[in-house]
Amino acid sequence: MAKKRSEKESEPAAVETQATPDNSFPLTLDEFCQRLSARDKRVELIGAFHAREVKARHIKDTEANFRQRYEDFVRAPVK
């Protein structure tokens, strides 16, 4: 007698894909700030960070580098 295959065995395994950005590909400063504003609602802080990055000529970089500089910017003492 042949065994009846269960539904789990007969279906191929579902591959989970999420739309997470790859941190190794460069993106523009504007793209980074738009993505950041979706989760961080401090628009004045994002605007100040954007202005500082433009002044430093950091227009294109990886998301990881932008994120690190943003976190450093947020933690920096006010002058």
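Heavy-atom basis, side chains included; hydrogens, waters and symmetry copies ignored. Keep in mind that what you see is a predicted model, and the values were worked out from it rather than measured.
The CD atom of Glu53 sits 8.0 Å away from the SG atom of Cys33 when rounded to the nearest 0.5 Å. Atom-to-atom distance recorded for Leu36:CG and Leu45:CG is 8.5 Å, nearest 0.5 angstrom. Going from atom OG1 of Thr62 over to atom CG of Leu27 covers 8.0 Å, rounded to the nearest 0.5 Å.
No chain of hydrophobic side-chain contacts below 4.5 Å, direct or via other Ile, Leu, Val, Met, Phe, Trp or Tyr residues, connects Val43 to Phe32.
The shortest distance between side-chain heavy atoms of Asn65 and His58 does not fall below 4.5 Å. In this structure, the side chains of Arg35 and Glu63 come closer than 4.5 Å at one or more pairs of heavy atoms. Between Leu29 and Val54, some side-chain heavy-atom pair lies under the 4.5 Å cut-off.
In summary, Asp72 and Arg75 engage in a salt bridge, as defined by a charged side-chain N under 4.0 Å from a carboxylate O.
Counting only N and O atoms by type, the side chains of His50 and Asp30 include a donor and acceptor under 3.5 Å apart.
Phe49 and Tyr70 have perpendicular rings, their planes meeting at more than 60° on a 0 to 90° scale where under 30° would count as parallel.
Nearest approach of Arg52 to Phe73, heavy atoms of both residues: NH1-CD1, 3.4 Å.
Gln34 places no side-chain N or O within donor-acceptor distance of the main-chain N or O of Glu31, the cut-off being under 3.5 Å.
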